[in-house]
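As structure tokens, the structure follows; a few thoughts come after it.
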There are 2 protein chains.
Amino acid sequence: MAAAAEVVHRQGVERTTIADIARAADVPTGNVYYYFKTKDDLVAAALAEHGGQLERITAELDRLPDPRERLKALVRGWVDQRELAARYGCPTGTLAAELGKRTPDGGLDAEAGKLLRTLLDWVEGQFRELELPDPDGLALALVGAYQGMSLLANALRDPDIMTREGNRLTAWLDAL
Amino acid sequence: MAAAAEVVHRQGVERTTIADIARAADVPTGNVYYYFKTKDDLVAAALAEHGGQLERITAELDRLPDPRERLKALVRGWVDQRELAARYGCPTGTLAAELGKRTPDGGLDAEAGKLLRTLLDWVEGQFRELELPDPDGLALALVGAYQGMSLLANALRDPDIMTREGNRLTAWLDAL
DNA sequence: GTCTATAAGCGGATAGAC
DNA sequence: GTCTATCCGCTTATAGAC
């Protein structure tokens, strides 16, 4: 599952073969099918892995006493990951974008949406605790800014974009 | 080229077959290869098509006398396309994200980056005309917000996100 | 549970008639 | 310049030995 999450993030779902993931996990290709009946099952596992990552991050942030500090630390974490974002984009965002282009699709696209929804809800909770007006609108702005800066940093292969936008978001959080 | 641009936007590069595009253009599959030697040539053509679209939009906006009005009209245009964005994302953004995951890649990913660079430069020019400080930082914020709201609207299949974020961006432009 | 060999099908690309 | 038929490689998935 860890190998699947990493390889799928780097190569995208469609360009990743079972053989790629098997090689990364150091198991024979055919062996994978003992644990995952189809490729989509593996993609779902990769999504779950990213979900766990997200959960660990917010759990860690929750230990901070002040909601504003939690949000600023979240932004700091994004900026810290700038090299990865500039190379491969936000794992959840790029995955959601790719899966969203599938027609019917076994619900994997909705699963990716749920991950982003989880992040949005957590951020909204922080704004709510700060008793700011329109907390869900603010959450949309913050998470949207993250997705946008990740995409631009990735498209232009420029990690500095993450730093610059991170500074702007931090100032914005302070001014709210 | 028009068929390629549309189908690739809807299905993504990897899930689009030559046969898909040929069907949309109402020509036999093999025929495509008379005009495009490889599938990547066709993708490049789709990118160029989106580039032309972008050029037409900014040329139209340039007819407005006030740079601030140009930017607000740009945002209005984004919101008007909310249904398309919620279903398939921003054409340039999703294409750039997908192509960015290719390793070496014949330079198609850089081509997608150039399109976004063009938009960024045009937006920066407007901020510069308004004599605002840090015009390229502001451009990054505006275009980033667009990419972010498109991705979220797409992932959550919710066009209202485009409307809400559009309102916020318009107010932000007015307050600058 | 682990691994090798292989089947089945799809999709990019080409040959060659018209 | 248009179209049909087809080749070939790759990838998903399975069969079956160990």
Side-chain angles (χ1 to χ4, degrees), chain A residues 1-50 88 91 94-95 97-112, chain B residues 1-50 88 94-112:
Chain A
M1 284 178 66
E6 193 189 320
V7 176
V8 162
H9 177 210
R10 284 208 312 258
Q11 307 190 346
V13 174
E14 302 300 335
R15 289 183 75 89
T16 297
T17 66
I18 307 281
D20 289 336
I21 296 172
R23 196 176 324 117
D26 205 37
V27 295
T29 306
N31 199 342
V32 172
Y33 286 91
Y34 183 77
Y35 297 94
F36 304 94
K37 273 180 270 298
T38 65
K39 179 179 176 181
D40 275 8
D41 282 354
L42 246 186
V43 174
L47 265 172
E49 191 78 3
H50 285 298
Y88 305 112
T94 55
L95 220 62
E98 197 180 358
L99 293 174
K101 295 216 184 276
R102 295 189 169 189
T103 47
D105 176 64
L108 277 180
D109 58 340
E111 212 55 43
Chain B
M1 284 177 67
E6 194 189 318
V7 176
V8 163
H9 178 210
R10 286 207 311 255
Q11 307 190 346
V13 173
E14 303 300 336
R15 288 185 76 88
T16 296
T17 67
I18 307 280
D20 288 336
I21 296 171
R23 197 178 321 116
D26 204 36
V27 295
T29 305
N31 198 342
V32 172
Y33 285 91
Y34 183 76
Y35 297 95
F36 304 94
K37 274 181 269 299
T38 66
K39 180 180 175 180
D40 274 9
D41 282 354
L42 206 43
V43 175
L47 265 173
E49 191 78 3
H50 285 299
Y88 304 112
T94 55
L95 220 58
E98 197 180 359
L99 293 174
K101 297 219 185 270
R102 294 187 170 192
T103 48
D105 178 61
L108 276 180
D109 57 341
E111 212 56 43

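Heavy-atom basis, side chains included; hydrogens, waters and symmetry copies ignored. As the structure is a prediction and not an experimental result, all values here were calculated from the model. Letters A, B, ... are given to chains in the order of the sequence lines, protein chains preceding strands, and every chain is numbered from 1.
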*List in chain and number order the residues that pass side-chain hydrogen bond (donor to acceptor under 3.5 Å, both in side chains) with B/E49, two or more places apart in sequence or in another chain; answer none if no residue qualifies.*
none

*Which atoms form the tightest heavy-atom contact between A/T94 and B/K101, and what is the distance?*
OG1-NZ, 3.3 Å

Under 3.5 Å donor-acceptor pairs involving side-chain atoms of residues 104-111 of chain B, not counting sequence neighbours:
residue : atom : partner : partner atom : Å
B/D105  : OD1  : B/R102  : NH1          : 3.2
B/D105  : OD2  : B/G107  : N            : 3.3
B/D105  : OD2  : B/L108  : N            : 2.8
B/D105  : OD2  : B/D109  : N            : 2.8
B/D109  : OD2  : A/R157  : NH1          : 3.3

*asked:* Expected output is a numbered-order residue list: members of residues 5-18 of chain A with a heavy atom under 4.0 Å from any atom of DNA chain D. What is it?
replied: A/T16, A/T17, A/I18

*asked:* Please identify the 5'-most and 3'-most nucleotides of DNA chain C with any atom under 4.0 angstrom from a heavy atom of chain B.
replied: C/dG11 to C/dT14

_Per the ring pair (Phe, Tyr, Trp, His ring centres under 6.0 Å) rule, what does the pair list look like for residues 1-29 of chain B, sequence neighbours excluded?_
B/H9-B/Y88

_Length of the CG-C1' vector between A/L42 and D/dT11, whole Å_ = 14 Å

*List the atom of A/A4, the atom of A/L42, and the distance in Å for their closest heavy-atom pair.*
CB-CD2, 3.7 Å

Less than 3.5 Å apart, which donor and acceptor atoms pair up between the side chains of residues 23-38 of chain A and the rest of the protein, not counting sequence neighbours?
residue : atom : partner : partner atom : Å
A/R23   : NH2  : A/D20   : OD1          : 3.4
A/T38   : OG1  : A/D40   : N            : 3.4
A/T38   : OG1  : A/D41   : N            : 3.2

*Could you identify which residues of residues 28-38 of chain A place a heavy atom less than 4.0 Å from some atom of DNA chain D, listed by residue number, or say none?*
A/G30, A/Y33, A/T38

*If you take all heavy atoms of A/R10 and A/E6, which pair is closest and at what distance?*
NH1-OE2, 2.6 Å

*What closest approach, in Å, do B/V13 and B/E98 show between heavy atoms, and which atom pair accounts for it?*
N-OE1, 2.8 Å

_Minimal non-hydrogen separation, A/K39 against A/T16, with atom names_ = NZ-O, 2.7 Å

*Which atom names give the shortest non-hydrogen contact between A/L99 and A/A112, and what distance separates them?*
CD1-CB, 4.1 Å

